[in-house]
There are 4 protein chains.
Amino acid sequence: MKRTSERKEREKENRKNDILKAAENIMKKNGLHGLNVDQIAEDTSLAKGTIYLYFKSKEEILGNLTVKARKLLLKEFVKIDKMDLNPIDKLREIIIANYKFYRKNTLYYDLVSLYEANHTLEETDEMYGSSNAITELVSKIAFEAKEKGELNENLDPLHFTMILWGTTVGILQMLKVRGALIESKLNITENQILDSFLELFFQGVKKK
Amino acid sequence: MKRTSERKEREKENRKNDILKAAENIMKKNGLHGLNVDQIAEDTSLAKGTIYLYFKSKEEILGNLTVKARKLLLKEFVKIDKMDLNPIDKLREIIIANYKFYRKNTLYYDLVSLYEANHTLEETDEMYGSSNAITELVSKIAFEAKEKGELNENLDPLHFTMILWGTTVGILQMLKVRGALIESKLNITENQILDSFLELFFQGVKKK
Amino acid sequence: MKRTSERKEREKENRKNDILKAAENIMKKNGLHGLNVDQIAEDTSLAKGTIYLYFKSKEEILGNLTVKARKLLLKEFVKIDKMDLNPIDKLREIIIANYKFYRKNTLYYDLVSLYEANHTLEETDEMYGSSNAITELVSKIAFEAKEKGELNENLDPLHFTMILWGTTVGILQMLKVRGALIESKLNITENQILDSFLELFFQGVKKK
Amino acid sequence: MKRTSERKEREKENRKNDILKAAENIMKKNGLHGLNVDQIAEDTSLAKGTIYLYFKSKEEILGNLTVKARKLLLKEFVKIDKMDLNPIDKLREIIIANYKFYRKNTLYYDLVSLYEANHTLEETDEMYGSSNAITELVSKIAFEAKEKGELNENLDPLHFTMILWGTTVGILQMLKVRGALIESKLNITENQILDSFLELFFQGVKKK
DNA sequence: TATGAATGAGATTTCATTCAT
DNA sequence: TATGAATGAAATCTCATTCAT
């Protein structure tokens, strides 16, 4: 009994993953807006109706991929958290990891960014959870930094967490949208901007 | 002759403005995604096809409104630039003005934000110009700050400009998307976040 | 062995009845077209596929219920046949009973009517039988009327049977579809129409 | 000006007619239920969206064809009304014309019948009008018959009209659904049934 | 028998954009 | 320029029916 339902569960997950995988590939080829359900159906050899059995709308598919992206991002952060580093250095590494993630997984980061910039997109509980998990990890580390006296005394760790996340998203977005322009016109590389940002950011964070 | 073409030019501008005005009103009611060309046609008493004589696509309408928004934003920044303040304080005031702008002109800020977050949206020369004007004002002030020795010596004024803009957009976006949640769950107000951000940011900027 | 198969048979019948009962209830709530197999499955706690083990199509379910309806209708007619009445008066009572049935059992009459109006719907042997049983009872009485000299001599009892059935269905259908309108616009009640119909009909039937 | 809008109007009507014509042909091939919008689009070389520009649903197409059918039927009745006949004979001819119409225009009569049997189908004003026109013609003649003393004195002309229409529809429906069966099993032709019906009906109508 | 996931046809809707006049 | 009908892609939804387990 249990075995059967477990298998079914697994198959169901597989099917969902097939759909997500297909959606991902399509978007990799055609961009976020190049996704369409007919194509997913064709690529998965599923009937269009079946897609709607697993996801109630195209947006839900995007939402699921966003969760996936956030989880991957979290995984990177968790790795860093496990390193033998001062909390404050972990946070620096987290920003760097975020940047690397954005460079390596363009699509995933586009999704993360999409949801960070759009209040119109609905977030399910799962999505909220995945977002929360990231914030919580960061805030955990922020509190540790505070305890270790690495944080400016006037800076509330929660505020700090939100600011870290907000500014990082903003910087990466800027690089995504204007990076090429900045490089060509101003002759500044993405890395230089990132370095300056880190410098500025942690300068402001430090205990005086 | 000239007179005629001038009048025509003026009428053309008027027509364009009517369309933009209508689009704006519609979005104020229904949000960015609530805009549709049929509605514009109806509200302006123009035929749908006529809209396309003035704008080559719906996106171009959004682009034009974005230019408008950026210009308004610039105007606020210019006001600040004219104040009798230290450069560094001007920059602080600029961030605050940006926040106020976002609170007062939700739609306009949504547009600004939309283009800051989307690399897929095409920017015309005019759009680029309006974006540039802002950056240039900020960078001008940044250079002044540098000259006055208000800036950390390691911090390049151009880097600083990009960072200021990127982080500010990021923070405002975060407030837009998660502000309500943060207020209710974490009991932190938007103003508190903004204050902490300013504190952190200018702490990091200051000459040591 | 026999016992077992009997039980199975009984269970099978029960299952069938459960399905029919559920379908009936759904249609009572939502009308003939409000019936859908998912709902039946839910209401019977059966899997959708299981429904198809008992009925080869949704139409077959409708067909079965129609048989049920026809049998009930026949029962009413049989009651009348057993009364101590002249054949011709039995026939009049049968039309009245038909009207009453239509008033009391809206759904059932809708089903009867559905099959009287649709040549596209397939009738199984059982369905044909149930339809036949009615016609045969009526024709039996028609022949008795003929023998008793109650029928116009030019009127063939079989013709008469078909006409009685056809016109009665037509009148009831008209009342179903336009009854409300007729009442409100023309100020004629269903009963008045029925009375006039009976009057006209049996006037035409009578021996001259 | 007027000319232009007139032409447009005519084109619009043509387009509507093209769609209706195509729908009709499809149904002639595949039956009432064989109609589908994709096929209409293909046969008219119109985009599916265009179909929905002219008709808000498939049902509306059916409704329009029903109006067309009713108008054709009315035309036949009007012809008869113009004949030099006693009112009562006109009514007899109307029933016969109805039968002929049903034999000649199976599809059209199916549509008429569909709406006579289904209370669930919505009728627009136009549909109601077309239905009304028929009833009014018949009732006009019925009143003339009354005046000429051709009608049984107890018979209200309005009641009579409804009864004529209801019973005729019922008889034709029966022939449509069971005609073949009756012919093969009972060896009675449609014409015989119709004759008997007319005989019975007008026997009951006559002034005593 | 029983299950319920999968199918696939089709209706409907929405809209940005194009095009003939 | 102005018009608005036409386009066509795509999303969404509904459901009867089938099929592998």
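Labels below follow one simple rule: chain letters A, B, ... track the order of the sequence lines, proteins then strands, and each chain is numbered from 1. Everything numeric in this text was worked out from a predicted model, so none of it was measured.
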Chemist: Would you mind reading off the distance between L46(A) atom CG and dA20(F) atom P, rounded to a whole angstrom?
Modeler: 15 Å

Chemist: When the distance from CD1 of I61(D) to C1' of dA11(E) is rounded to whole Å, what number comes out?
Modeler: 11 Å

Chemist: The side chain of D38(D) is closest to which nucleotide in this list: dA16(F), dG10(E), dA5(E)?
Modeler: dG10(E)

Chemist: Look at T50(B) and dT1(F) and indicate whether a side-chain polar atom (N or O) is within less than 4.0 Å of OP1 or OP2.
Modeler: no

Chemist: Identify whether NZ of Lys or CZ of Arg in K16(C) sits under 6.0 Å from the centre of the six-membered ring of F55(C) and within 45° of that ring's axis.
Modeler: yes

Chemist: L62(C) CG to dC15(F) P: how many Å, rounded?
Modeler: 14 Å

Chemist: For L46(A) and I40(A), run side chain to side chain contact (heavy atoms under 4.5 Å, CB included): C-alpha distance rounded to whole Å, both residues' side-chain angles, the deciding distance at 0.1 Å, then the answer.
Modeler: CA-CA 8 Å; L46(A) 291 173; I40(A) 299 177; over 6 Å; no

Chemist: Please give, in whole Å, the distance from dA5(E) P to E42(C) CD?
Modeler: 13 Å

Chemist: Is it true that E123(D) and R70(D) have a side-chain N and a carboxylate O under 4.0 angstrom from each other?
Modeler: yes

Chemist: Want to settle it: does N36(C) or R15(B) sit nearer the 5' end of DNA chain F, counting the closest nucleotide to each?
Modeler: R15(B)

Chemist: Can you tell me the distance, in whole Å, between the OH atom of Y52(A) and the P atom of dG10(E)?
Modeler: 19 Å

Chemist: Does the side chain of E60(C) come under 3.5 Å of the side chain of Y54(C) through a donor N or O and an acceptor N or O?
Modeler: no

Chemist: Can you tell me if the side-chain N/O atoms of Y54(B) get under 4.0 Å from OP1 or OP2 in dA2(F)?
Modeler: yes

Chemist: Under the 3.5 Å rule, do the base of dT17(F) and the side chain of K48(C) count as making a donor-acceptor pair?
Modeler: yes

Chemist: For the side chain of L53(C), starting at C-beta, report the closest nucleotide among dA16(F), dA5(F), dA2(E).
Modeler: dA2(E)

Chemist: Starting at the 5' end of DNA chain F and moving along, which residue's nearest nucleotide shows up first, E59(A) or S45(D)?
Modeler: S45(D)

Chemist: Take atom CD1 of I19(A) and atom C1' of dA5(E), then tell me their distance rounded to the nearest Å.
Modeler: 12 Å

Chemist: Starting from C1' on dG8(E), measure out to CD1 on I51(A) and report it in whole angstrom.
Modeler: 13 Å

